[in-house]
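Only heavy atoms go into these numbers, but all of them, side chains included; no hydrogens, no water, no symmetry mates. Proteins come first, then strands; the chains are lettered A, B, ... in the order of their sequence lines, and each starts at number 1. Note that the coordinates shown come from a computational prediction; the quantities given were computed from them, not determined experimentally.
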2 protein chains.
Amino acid sequence: MMAEIEEIVNGLILELRRGTLILSVLSRLDQPKYGYSLVQELSEKGIEIDAGTLYPLLRRLEKQGLLESSWELADSRPRRYYFLSETGRQVYDRLREEWRKLVFSIENLMN
Amino acid sequence: MMAEIEEIVNGLILELRRGTLILSVLSRLDQPKYGYSLVQELSEKGIEIDAGTLYPLLRRLEKQGLLESSWELADSRPRRYYFLSETGRQVYDRLREEWRKLVFSIENLMN
DNA sequence: TGACAATAGTGTGCGGCATACAGTATAATG
DNA sequence: CATTATACTGTATGCCGCACACTATTGTCA
């Protein structure tokens, strides 16, 4: 307690990002992508995610049935490509809807 | 795994809300409020939070130095009023900024 | 060849929230 | 007046996700 402001803020930002990561990932996987490329793509778009965070996330989402994956050997090196399953598509749509509601509510609060 | 879509979505919504709760709470405490009134106020604004979730949150925020509190005995019954500390104000401002960035990034991703 | 980038993976720990529970005082109702 | 409902505060346990720090392998370029 009584830590530096920036320190506290950083922790809270972490909490804020939580959950939105899934949204970010799902939003990109209408096209098959492999983990490392996702990290870069998201980084370019302002979402920094550690590879060590992303990989378990991808596997979890696959286990939940939101993603499918396959190894591609044709590339210079073997890569696992992930992409939205049908379920994943539906979940993403619903989730996006809920996200917008949430943003609206909070924006509403902050004025 | 392979649960109902709505079931999965509900879980993910939980994750989405996570962290934003703090933002919601901080946004309301420029004026002193007690727990129960906060629950109602947020509910009216579309943010449902269980009292059993809010109280520990308030205490945690106080422990971190973002909130201060005092018992008020003048009311019909004793109530603990919470309000932003100076640190809390600064944290809230910074956090709000970061929230907007995040929303922007994600909105950007989803198009 | 050696160093660095690209790429995938795991496992441990911290912390937050939800949920359920417990408890007390005041107001309302018949 | 007794009984119930509602306002209000509080605690504790457990699940789950993320961050972080690793290991490991394969390309690539100097």
- Could you note down all residue pairs passing ring-ring contact (aromatic ring centres under 6.0 Å, His included) where residues 7-26 of chain B supplies at least one of them, sequence neighbours left out? none
- Task: Please state whether the phosphate of D/dT26, meaning OP1 or OP2, lies under 4.0 angstrom from any side-chain nitrogen or oxygen of A/Arg79.
- Result: no
- Message: I want to verify a distance call: between D/dA12, C/dT10, D/dG17, whose nearest atom is closest to the A/Tyr55 side chain?
- Response: C/dT10
- Message: Using a heavy-atom cut-off of 4.0 Å across all strands, would you classify A/Ile49 as base, sugar-phosphate, or nothing?
- Response: nothing
- Item | Protein-nucleotide distance (A/Gln40, atom CD; C/dA8, atom P), rounded to Å | 10 Å
- Message: Nearest whole Å is fine: how far is D/dT25 P from A/Arg80 CZ?
- Response: 17 Å
- Note on the structure: Note: for A/Ser37 and A/Glu15 on DNA chain C, the residue whose nearest nucleotide lies more 5' is A/Ser37
- Task: Can you run down the side chain to side chain donor-acceptor pair (under 3.5 Å) pairs that involve residues 11-24 of chain B, sequence neighbours left out, and say none if there aren't any?
- Result: A/Glu15-B/Arg18, A/Arg18-B/Glu15
- Task: Name all residues meeting the side chain to side chain donor-acceptor pair (under 3.5 Å) criterion together with A/Tyr81; count only those two or more places apart in sequence or in a different chain, and write none if there are none.
- Result: A/Asp75
- Task: Please identify each residue that fulfils ring-ring contact (aromatic ring centres under 6.0 Å, His included) with B/Tyr55, with sequence neighbours left out.
- Result: none
- OP1 or OP2 of C/dT10 less than 4.0 angstrom from a side-chain nitrogen or oxygen of A/Arg59, does that happen here? yes
- Query: The side chain of A/Leu14 lies closest to which of these nucleotides: D/dA12, D/dA19, C/dA8?
  - Reply: D/dA19
- Considering only side-chain heavy atoms of A/Gln64, which listed nucleotide, D/dG17, D/dA12, C/dT7, is closest? D/dG17
- Message: Please tell me if B/Tyr34 has a side-chain N or O lying less than 4.0 Å from either OP1 or OP2 of D/dT9.
- Response: no
- Task: For A/Asn10 and C/dG15, give me the distance from atom CG to atom C1', rounded to whole Å.
- Result: 16 Å
- Message: D/dA19, OP1 or OP2 - any side-chain N/O from A/Arg18 closer than 4.0 Å?
- Response: no
- Query: Atom CG of A/Leu58 to atom C1' of C/dG9: distance rounded to whole Å?
  - Reply: 11 Å
Below 3.5 Å is the cut-off: list the nitrogen or oxygen pairs between protein and nucleotides 20-25 of chain C, distance only.
from: C/dA25; atom 1: N3; to: B/Arg77; atom 2: NH1; distance (Å): 3.4

- Query: Between the side chains of A/Glu62 and A/Ser69, does any donor sit under 3.5 Å from an acceptor?
  - Reply: yes
Return all side-chain donor-acceptor pairs below 3.5 angstrom for residues 44-53 of chain B, not counting sequence neighbours, or 'none' if the list is empty.
from: B/Glu48; atom 1: OE1; to: B/Ser43; atom 2: OG; distance (Å): 3.3
from: B/Glu48; atom 1: OE2; to: B/Ser43; atom 2: OG; distance (Å): 3.4
from: B/Asp50; atom 1: OD1; to: B/Gly52; atom 2: N; distance (Å): 2.8

- Rounded distance (Å) that lies between atom C1' of C/dG15 and atom CZ of A/Arg17: 16 Å
- Is it the case that B/Arg80 places NZ or CZ above or below the six-membered ring of B/Tyr34, under 6.0 angstrom from the centre and within 45 degrees of the axis? no
- Task: Round to the nearest Å and state the distance from A/Leu57 atom CG to C/dG11 atom C1'.
- Result: 16 Å
- Spacing of A/Leu54 atom CG relative to C/dA6 atom P, expressed in whole Å: 16 Å
- Atom CG of A/Leu16 to atom C1' of C/dG16: distance rounded to whole Å? 13 Å
